[in-house]
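This report concerns only the one structure given below.
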There are 2 protein chains.
Amino acid sequence: MELNDTDVKTRILLSAKRLFAKQGYEGTSVRQICEEANANIALVSYHFGGKEKVFEAIFEQFYPGSEEAFNQYEDELKNPVEGLTLIVREIVVFTINDKELSDIIQQELTLQSPRMETVQAFLSPVWFKVKELLERGKEEGAFHFDSLTAAFLTVMGVTLSHKRFRSVNVWLEDNDRFIPDSYPDQAARFVLQGLGVKLNS
Amino acid sequence: MELNDTDVKTRILLSAKRLFAKQGYEGTSVRQICEEANANIALVSYHFGGKEKVFEAIFEQFYPGSEEAFNQYEDELKNPVEGLTLIVREIVVFTINDKELSDIIQQELTLQSPRMETVQAFLSPVWFKVKELLERGKEEGAFHFDSLTAAFLTVMGVTLSHKRFRSVNVWLEDNDRFIPDSYPDQAARFVLQGLGVKLNS
DNA sequence: GTCTATAGCAGGATAGAC
DNA sequence: GTCTATCCTGCTATAGAC
């Protein structure tokens, strides 16, 4: 990964992703990124055009494209309960697969940064769909909540919460068997129950 | 607030809290803090001993002391369902009352920063209690979940999620009446339902 | 494409006058 | 307690040699 087995551009991207996730954007210097990537400092400007552009390139490279995905699951997304289950699972799977990128997203969501625009552009399709499903699910009587905003917030909270794992194991001894494989389902179940859906499982 | 109606130390603390919340710790400069606080740059070193110490001072000043609080609610905390309801409500109330401090906490939780130690020291009592309540609630048959870690994560997610409000109203038009007053109860209900508790409301 | 060298600036901190 | 002036370090970015 950090060896010269891949091209420089990729090495820089991977190092930047790792470091942004651990230390935040501002807390990470271009020098540090290049050191870890075994790349010369000047190459960040040459290949990307600056630190800011590296940030954007990370999203372009690693954020799962959700354009075709929506078409692929068109049928499931018609039903609010099925659709929300699917989306929550997919988001949680993503946060497990790419902890780094989801850490970066997590951080940027609370900041009023110049990078927010980039982040929002990538996240909008999914969360807009979530909003739509919540609204339709309520109309159809499947979900029970007072405020859309409150429901939306809790769904966001559950699905994105995984990233605090690092600090969590300070409070929990890990004799508990936390199996990432089953977590997407647990999270989805939690969300649906929280929204007042009766589950037959 | 930003006028010279309070003493310098307090003005610095308030400005720092505001800016750390909006821009992150690394994204905020001492110069900027002092400018907003109408204070001279040298006073940060004089009164606190550096930027890092300002961060700690913010927690000492504004984090609600949870030592006496636990004794005060001793009775409610004996029952897992009651106890968890109480704590979730209190945390959510706190995140609404002091959005800035909870934004700061939110940010630091995902970072591996030198400030993590400070943050954890303040948060530990509450989250340790949550863990205990979850465990006991499961033993007593009140809660239903597979993994303690998974349950813990979802509770954290819901209770801390409020801070993403700023980015949320990009996706939600605010014709939805989100009433902060009722949110603590909604969040608590969501959590309990998610944990499989049968509610009579 | 990659490197060295350096420009140019902003950061945190403090010495010392008041 | 407060201020000015300054130190030193580290940052991003780029010009120009290879």
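Just so we're on the same page: letters track the sequence lines, and every chain starts at 1. It should be emphasised that the depicted structure is a prediction, and the values quoted were computed from it without experimental measurement.
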**Asked** To the nearest angstrom, how far is A:Gln32 atom CD from D:dG10 atom C1'?
**Response** 12 Å
**Request:** Indicate, with a heavy-atom threshold strictly under 4.0 Å, whether A:Val44 touches base, sugar-phosphate, or nothing.
**Result:** nothing
**Complete:** Checking D:dT2, C:dA13, D:dT14 against the side chain of B:Tyr46 (C-beta onward), the nearest is D:dT2
**Request:** Please test B:Lys17 against B:Gln61 for side chain to side chain contact (heavy atoms under 4.5 Å, CB included), starting from the C-alpha separation and ending with a verdict.
**Result:** CA-CA 11 Å; B:Lys17 182 152 74 80; B:Gln61 272 274 310; over 6 Å; no
**Asked** Can you tell which of C:dT2, C:dG12, D:dC3 lies closest to the side chain of B:Ala42?
**Response** D:dC3
**Prompt:** How close do B:Asp103 and A:Thr110 get, heavy atom to heavy atom, and via which atoms?
**Reply:** OD2-O, 4.2 Å
**Message:** Using 30° and 60° as the class boundaries, would you call the ring planes of A:Tyr63 and A:Phe59 parallel, tilted or perpendicular?
**Reply:** parallel
**Cationic N near anionic O, under 4.0 Å, B:Glu139 to B:Arg136** = no
**Request:** With the side chain of A:Leu43 defined as its heavy atoms from C-beta on, choose the nearest nucleotide among D:dT6, D:dG1, C:dT2.
**Result:** C:dT2
**Request:** Quick one: label B:Ser29 by what it contacts on the DNA or RNA (base, sugar-phosphate, nothing), any heavy atom closer than 4.0 Å.
**Result:** sugar-phosphate
**Request:** Between D:dT2, C:dT2, C:dG12, spot the one nearest the side chain of A:His47, thanks.
**Result:** C:dT2
**Message:** Can you tell me if B:Asn40 touches the phosphate of D:dG1, counting only side-chain N or O atoms and a distance under 4.0 Å to OP1 or OP2?
**Reply:** no
**Fill in**
Of C:dA13, C:dT2, D:dT2, the nucleotide closest to the side chain of B:Val30 is C:dA13
